[in-house]
Amino acid sequence: MRRPLVIGNWKMHTNRDSAVALARSLVPVAREAAAEVVICPPTPWLVAVAESVDRSILGIGAQDCSRFEDGPHTGDVSAAMLVPWCSFVLAGHSERRADNGETDEIIGAKVGGALAHGLRPVLCVGERASERDAGRAAGVVRGQLGGALGNRSRDTVARIDTVTIAYEPAWAIGTSKAATPEDASEMASIIRSWLGNELGGDADAIRVLYGGSVSADNAAAFMDVPELDGLLVGGASLDADAFAAIVGVASAR
Ligand code: PGA
């Protein structure tokens, strides 16, 4: 039985004080929840947020890490640098694929680096609207999974069961047009069968989340999908009440 997981992705929102206040307000929510609760604040606030909450109750994730181990990479933040403050890290969010040209190879390097340092990567996959319209959604997502998880280094293989997959169709992110639960179910099944075929028994522990315009109103419909183990929440995670309601729905699973 996989424990439900709800992740709040704050993207490039909040300031230092509002980030700390929002995180603090979520500690009692996480303490009461049957679901595991994780927030991903902007990188500059990670230290302040991590120091102001009990991380054994409310998990902290980073929104990204460098593909490089260390060295002359101005502006990058390595997986190792995140370890004192985080236990999770997002990889391959569609906004980073679009804004920063991140390829599956780059994302695979980030996943491998995160695993090597004991961070739990959340690999985001999902098709664009044009790819769905062309009937290519399943193929795109399988390609993203293979591209990012194809690295068979010792660390990747040994800790692959700590990976989470978030199915986030790009057209549903920040648009208020969530996927239907039927589409999310179909894609989650495709992801789970890919994981089973490629990773065997190790895939059993891997959680598959849905993300894209999740709200307090539609969370229950996604949590009713048997193939889904939780939710990756963007906009609604900035509202403590809405996020608490979503965590409550996931906990009732
Ligand atoms: P959204 O974002 O909930 O605002 O659509 C989800 C995400 O980008 O992870």
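All ligand and atom numbering here is 1-based and tracks the order in the structure. This chain uses plain numbering: 1 for the first residue, then up along the sequence.
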message = For atom 8 (O) of ligand 1, tell me which residue out of E168, H93, E95 has the closest non-hydrogen atom.
response = H93
request  = Report yes or no: do V208 and V140 belong to one cluster of Ile/Leu/Val/Met/Phe/Trp/Tyr joined by side chain heavy-atom distances under 4.5 Å?
outcome  = no
Under 3.5 Å: N/O of G212 near N/O of ligand 1 = no
ask   = Would you say A236 contacts ligand 1, with heavy atoms under 4.0 Å as the rule?
value = no
inquiry  = Under 4.0 Å, counting heavy atoms only: does A172 come that close to any atom of ligand 1?
reply    = yes
key: side-chain contact (heavy atoms from CB on, under 4.5 Å) evaluation trace for E198 with L149   = CA-CA 9 Å; E198 295 292 321; L149 299 179; over 6 Å; no
inquiry  = Which residue and atom name correspond to the protein heavy atom nearest atom 3 (O) of ligand 1, and how close is it?
reply    = G234 N, 2.9 Å
query = For ligand 1, which atoms, with element, lie under 4.0 Å from some heavy atom of G174?
reply = 1 (P), 4 (O), 5 (O)
task = Give the numbers and elements of all ligand 1 atoms closer than 4.0 Å to a heavy atom of N9.
result = 8 (O), 9 (O)
ask   = Knowing that exactly one of L238, V233, L22, V214 qualifies, which makes a side-chain contact (heavy atoms from CB on, under 4.5 Å) with F243?
value = V233
ask   = Do the side chains of E186 and E227 get nearer than 4.5 Å, heavy atoms only?
value = no
ask   = Looking only at distance, does L232 have an N or O less than 3.5 Å from an N or O of ligand 1?
value = no
inquiry  = Exactly one of V247, V249, V29 should register a side-chain contact (heavy atoms from CB on, under 4.5 Å) with V6. Which one does?
reply    = V247
query = Does the distance from a Lys or Arg side-chain N to an Asp or Glu carboxylate O, for R132 and D183, drop under 4.0 Å?
reply = yes
ask   = Any idea which atoms of ligand 1 are less than 4.0 Å away from a heavy-atom of S213?
value = 1 (P), 3 (O), 5 (O)
request  = List every atom of ligand 1 that sits less than 4.0 Å from any heavy atom of G235, numbering the atoms from 1 in the order shown and giving each element.
outcome  = 1 (P), 3 (O), 4 (O)
inquiry  = Ring-plane angle category for Y210 and F222, please: parallel below 30°, perpendicular beyond 60°, tilted otherwise.
reply    = parallel
key: Residues E102, R67: salt bridge by 4.0 Å N-O rule   = no
Shortest protein heavy-atom distance from atom 2 (O) of ligand 1, along with the residue and atom involved = K11 NZ, 3.2 Å
